[in-house]
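Beneath this line is the structure, given in structure tokens, with notes to follow.
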Amino acid sequence: MAFSAVAKGEVKMAIWGHTADGTAVPIYTLTDGQIEARVTAYGAHLVSVKAPDRTGEMADVVLGFDNLDTYMSKTLPYLGAVVGRYGNRIGLGKFTLDGKTYQIPVNNGPNALHGGPKGFDKYVWQSKEVPGGVEFTHVSPDGDMGFPGTLTATVRYTLQGKTLRIDYWAKTDKDTILNLTNHAYFNLHGNDKGNILDQKIQIDADRYTPVDAGLIPTGELAPVAGTPMDFRKPEAIGARIDADNEQLKRAGGYDFNYVLNGKPGTLHLAAIVTDPKSGRTLTVETTEPGVQFYSGNFLNGSFTGRHGIKYEKHAGFCLETQHFPDSPNHANFPSTELKPGETMHSTTTFTFGVEK
Ligand code: GLA
């Protein structure tokens with residue numbers, strides 16, 4: 001067996017580095033069979049995933065860095081980060097809850113993106129080893145980035161065979177809103193091997209949420225049928241990305257929330273991506289009602305990833321399982337509210353396979 005050297009169901013911890021105030025930051029290596037995943041307590045980032053191709057050759061299929069300093073010292077487009085409190089955009093950073101209006105500091109033109117300027121991706125989380133993985137916990141105080149309530153969030157990564165599973169839990173002490181996700185960028189060729197445009201994606205959604213010029217949902221749940229957003233059958237990511245379509249032009253490619261067909265609260269299919277070249281496949285399942293399919297449109301080579309590679313436009317794709325962007329401002333979207341006494345729990349799985 002080519003991979004007998006890889007331990008099964010193992011979790012190894014090492015101190016990856018320190019923050020400026022001397023806090024030690026651990027990194028965990030999870031191995032089971034052929035898959036190896038690394039996650040760090042800094043921003044609860046997914047740092048890397050090594051997976052075999054159809055010949056057994058391993059590649060790192062997640063974009064990231066081999067040192068903690070890069071994660072801490074640069075403003076990065078959320079490579080592998082856990083995003084909170086609110087994944088994706090809130091229009092003008094404003095929402096009303098129980099009759100009171102809240103303002104999140106804006107950080108994406110006039111809008112708030114991914115929880116505001118200092119989101120959960122910029123904190124060292126508490127870590128606890130669990131069988132097959134690690135659990136990270138972060139306590140966000142009442143009023144943090146303008147959000148009400150002390151929010152305690154726990155994210156658990158476990159590797160079970162070929163499946164990397166992420167569980168999210170959250171509790172609050174005041175009525176609040178939240179939308180937690182993971183923002184990993186994948187490239188099934190390997191993170192240092194060109195772009196993702198020839199990889200085929202299938203998304204289990206008949207509808208998506210169209211956006212305005214600031215990428216805020218208009219509130220409509222529009223059919224994908226007859227548009228370049230239709231991935232009900234597998235299609236190369238690049239096949240229609242330059243189509244003459246106003247939505248694609250606004251986003252510079254794909255950057256849309258899909259309304260998944262499966263039942264929220266139960267694990268259902270979000271998307272399957274296959275790489276015809278290497279044979280690697282990625283299957284994403286989730287309990288969330290939506291997934292943001294983002295084709296790395298804003299990557300522009302402005303920073304250097306592992307192996308000295310500059311991540312250029314479309315170097316990776318994201319499948320951010322989530323509630324819909326700007327939900328607090330759309331009564332017809334599934335609610336993102338959380339009340340004291342309730343526990344939010346969601347699950348997303350990423351399964352790495354091969355196609356012969
Ligand atoms: C999400 C958004 C994108 C972009 C990235 C981060 O995917 O939808 O528009 O902001 O995060 O660069």
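Every number for a ligand or one of its atoms is a count from 1 in the order of the listing.
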Out of Asn107, Thr181, Val211, Asp255, who gets a non-hydrogen atom closest to atom 8 (O) of ligand 1?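 Checking each option, the heavy atom nearest atom 8 (O) of ligand 1 is found in Asp255.
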Kindly identify the option in Arg89, His114, Gln292 whose heavy atom sits closest to atom 1 (C) of ligand 1.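 Shortest heavy-atom distance from atom 1 (C) of ligand 1: His114.
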For ligand 1, which atoms have a heavy atom of Glu320 less than 4.0 angstrom away? 1 (C), 7 (O)
Applying the side-chain contact (heavy atoms from CB on, under 4.5 Å) test to Leu215, which of Asn257, Asp255, Asn108 qualifies?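 When Asn257, Asp255, Asn108 are each tested with Leu215, the side-chain contact (heavy atoms from CB on, under 4.5 Å) holds only for Asp255.
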Got the closest protein heavy atom to atom 12 (O) of ligand 1, with its distance? Pro77 CB, 3.6 Å
Nearest-neighbour protein heavy atom for atom 5 (C) of ligand 1, which is reported as residue plus atom name and distance: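 The closest one turns out to be His183 NE2, 3.5 Å.
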Should the proximity of Asn108 to ligand 1, defined as any heavy atom under 4.0 Å, be assigned to the side chain, the backbone, both, or neither? neither
Considering only heavy atoms, does Leu113 approach ligand 1 within less than 4.0 Å through its side chain, its backbone, both, or neither?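 It is the side chain that gets close, since no backbone atom is under 4.0 Å.
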Are the side chains of Tyr71 and Val47 in touch, meaning some heavy atoms are under 4.5 Å apart? yes
Pair Asp230 + Arg232, salt bridge at N-O below 4.0 Å: yes
ILVMFWY network linking Phe352 to Leu63, side-chain heavy atoms under 4.5 angstrom: yes
Using the ring pair (Phe, Tyr, Trp, His ring centres under 6.0 Å) rule, collect all pairs that involve residues 147-170, keeping only residues at least two apart or in two chains.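 Pairs touching residues 147-170 that pass the test: Trp169-His345.
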Any side-chain donor-acceptor pair under 3.5 Å between Thr154 and Thr137?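 Yes, side-chain donor-acceptor contact under 3.5 Å.
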